[in-house]
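Here the structure comes first, spelled out in structure tokens, and everything after it is commentary.
Order of appearance sets the numbers: ligands from 1, and atoms from 1 within every ligand.
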Amino acid sequence: MNKNDFKPSDFIREIIREDLKTNKYGGRVHTRFPPEPNGYLHIGHAKSICLNFGVAAEFRGLCNLRLDDTNPTKEEMEYVEAIIKDVRWLGFDWDDRLYYASDYFELFYQYAVQLIKDGKAYVCDLSAEEIREYRGTLTDPGKESPYRYRLVKENLDLFERMRTGEFAEGSRTLRAKIDMASGNINMRDPVMYRIIHAEHHRTGNRWCIYPMYDFAHCFSDSIEGITHSICTLEFEDHRPLYDWFLDELKVHHPQQIEFARLNLSHTVLSKRKLIGLVEDGYVNGWDDPRMPTIAGIRRRGYTPESIRNFCDRIGVAKKESLVDIALLEHCLREDLNRRALRVMAVLRPLRLIVDNYPEDKVEELEAVNNPEDLGMGTRKVPFSRILYIEQDDFREHPPKQFFRLAPGREVRLRYAYFIKCANVVKDARTGEVVEVHCTYDPKTRGGDAPDGRKVKATLHWVSAAHAIQAEVRLYDHLFIKPDPGNEEEGIDFKAYVNPNSLEILKSCQVEQSLSGALPGTRYQFERQGYFCVDPDSKNGKLVFNRTVSLRDTWAKIEKTLTT
Ligand code: ATP
Ligand code: MG
């Protein structure tokens with residue numbers, strides 16, 4: 001079995017198997033992914049998406065995409081559209097089951113009225129601050145609101161007037177009447193509705209009372225016939241409230257199940273923090289390739305397959321942990337290694353003149369597109385007298401471990417010839433080597449010497465007259481600290497932003513075959529890494545993002561783990 005094809009199993013799948021055995025929901029499995037459209041989705045959401053859609057597919061069930069849009073002040077259409085695009089790009093499909101919690105506002109209202117009628121909810125005139133004071137603490141019980149025992153009739157009247165807009169924002173709330181002495185603070189008469197005089201991106205000005213998450217979420221699940229409501233651990237303490245609302249109204253009751261959220265090293269996975277990075281200009285927008293957003297990593301060149309594979313490998317558990325970003329990069333390399341075209345590109349060019357090669361001669365040499373998949377064929381690369389090689393591949397005074405080009409030394413040019421360095425030309429002022437002169441051995445065409453002599457290095461190169469100039473953007477971790485979200489006292493997480501997370505190289509030289517490459521196309525630049533054409537490429541001017549370098553730090557980490 002290919003190690004990428006393994007079927008995940010975890011405690012959630014165990015619960016579902018058991019429920020199917022006992023026929024708990026008539027043999028149905030129905031999950032949902034319920035993002036709030038107050039920011040772009042990130043790789044943590046991908047974990048939840050893969051889990052919810054994955055579980056549904058595995059058990060022949062369904063998974064809904066639901067926009068949890070109950071807060072008009074933070075939500076926007078831009079986010080809704082980005083979310084839909086991102087979930088689809090990850091490879092998941094919800095058929096016609098795209099839902100909006102805001103479509104249930106009228107139903108939520110009816111549920112609230114029913115709770116009032118049952119004496120289980122009341123209109124409270126305390127301010128937000130007073131409610132907080134009355135709530136008590138983990139060690140002290142709360143204090144009952146003076147409005148707790150309002151008559152049903154009065155509550156119904158006030159709630160309706162809240163809806164029609166008679167009262168000022170923040171002046172009243174509707175609260176569930178549960179238990180101010182409960183050991184679980186979430187059960188101390190939680191707010192169900194608040195007054196917000198703001199326009200909603202879908203319902204406009206139709207409403208000025210908006211339901212709280214805990215109230216809206218359980219009923220959204222119930223209305224949609226969800227069976228397993230999978231969410232992250234921070235909702236564990238909210239489960240009693242989830243159950244309370246549904247039990248009080250005696251409606252379809254899904255099972256809430258919590259799992260540990262994904263934490264990824266060298267980045268932050270919180271929409272609030274990501275918004276901070278965008279708004280304060282630490283990155284160039286939500287889709288900046290350094291961002292852990294789906295939009296950012298897509299632009300960077302990640303494939304949906306590599307992200308899904310990553311999510312399978314990290315698994316699902318009840319305990320929080322920090323996953324090394326090297327594992328995500330490893331999954332990507334594995335995928336791209338199989339399918340990216342190899343090409344030659346010189347990032348920091350140094351001129352190389354082949355003195356004994358005829359000035360007007362051009363040869364078309366055959367290059368392999370992907371040694372992992374010979375079915376991907378070959379292509380022709382032009383060779384001529386003036387070439388570019390990487391500055392790093394030449395040293396005038398080579399240190400001991402340096403086996404690449406140096407005066408008097410012979411190396412191979414990939415797919416071409418052996419060349420031997422004769423001398424260098426330096427800038428008279430700076431002393432910098434600006435040109436390397438060498439001779440080639442015509443008998444080594446294709447890269448091997450008939451006399452069997454060996455060389456210690458093979459360099460990539462491009463023909464100066466044929467290469468195209470391109471811009472390449474090199475990325476490094478966005479944060480220098482492995483766990484920047486774990487803020488030490490008094491230090492803002494932005495203090496850990498890596499000042500060198502982006503390096504732009506403007507005069508790279510890439511092989512001719514890349515002319516006209518479309519945004520989103522991925523390549524391996526031989527010996528350097530995987531790169532992807534950025535949408536900023538315009539009018540023949542190519543811009544590449546380095547998706548990931550070839551150096552696999554995860555393979556190293558894994559080795560130390562297993563030896
Ligand atoms: P954030 O903390 O980034 O603001 P959120 O939980 O507020 O995220 P939602 O839009 O409410 O964002 O999340 C939608 C779903 O994705 C929820 O079920 C949530 O539990 C899940 N989710 C959010 N972050 C992660 C994460 N890091 N790992 C796994 N699942 C996550
Ligand atoms: Mg949330």
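- Under the 4.0 Å criterion applied to side-chain N and carboxylate O atoms, Arg202 and Asp103 are assigned as salt-bridge partners.
- Atom numbering of ligand 1 starts at 1 in the shown order; those under 4.0 Å from a heavy atom of Ser270 are 3 (O).
- Between Ala260 and Lys318 the shortest heavy-atom distance is CB-C, 4.0 Å.
- Counting atoms of ligand 1 from 1 in the listed order, those under 4.0 Å from a heavy atom of Ser48 are 16 (O), 21 (C), 30 (N).
- For the pair His42 and ligand 1, a heavy-atom separation below 4.0 Å is found.
- Taking distance alone, with nitrogen or oxygen atoms compared against 3.5 Å, Glu234 stays at or beyond that limit from ligand 1.
- When the options Lys271, Arg66, His217 are ranked by their closest heavy atom to atom 4 (O) of ligand 1, first place goes to Lys271.
- Below 4.0 Å from some heavy atom of Glu36 lie the following atoms of ligand 1, by number and element: 9 (P), 10 (O).
- Between the side chain of Asn498 and the main chain of Leu478, no donor-acceptor pair closer than 3.5 Å is present.
- Contact atoms of ligand 1 toward His45: 8 (O), 9 (P), 10 (O), 12 (O), 13 (O), 14 (C), 16 (O), 22 (N), 23 (C) (distance under 4.0 Å to a heavy atom of the residue).
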Derivation of the side chain to side chain contact (heavy atoms under 4.5 Å, CB included) call for Arg298 and Trp89: CA-CA 9 Å; Arg298 170 171 59 232; Trp89 178 78; 3.5 Å; yes

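- Polar contact check, Pro34 against ligand 1: no nitrogen or oxygen pair lies under 3.5 Å apart.
- Within ligand 1, the atoms closer than 4.0 Å to a non-hydrogen atom of Phe33 are 14 (C), 15 (C), 16 (O), numbered from 1 in the order shown.
- Between Asp179 and Arg188, none of the side-chain N atoms (NZ, or NE/NH1/NH2) sits under 4.0 Å from a carboxylate O, so this pair counts as no salt bridge.
- With Ser229 as the partner, the side-chain hydrogen bond (donor to acceptor under 3.5 Å, both in side chains) test is satisfied by one option alone out of Asp221, Thr31, Asn52: Asp221.
- When all heavy atoms of Phe493 and Phe479 are compared, the pair lying nearest together is O-CE2, 3.5 Å.
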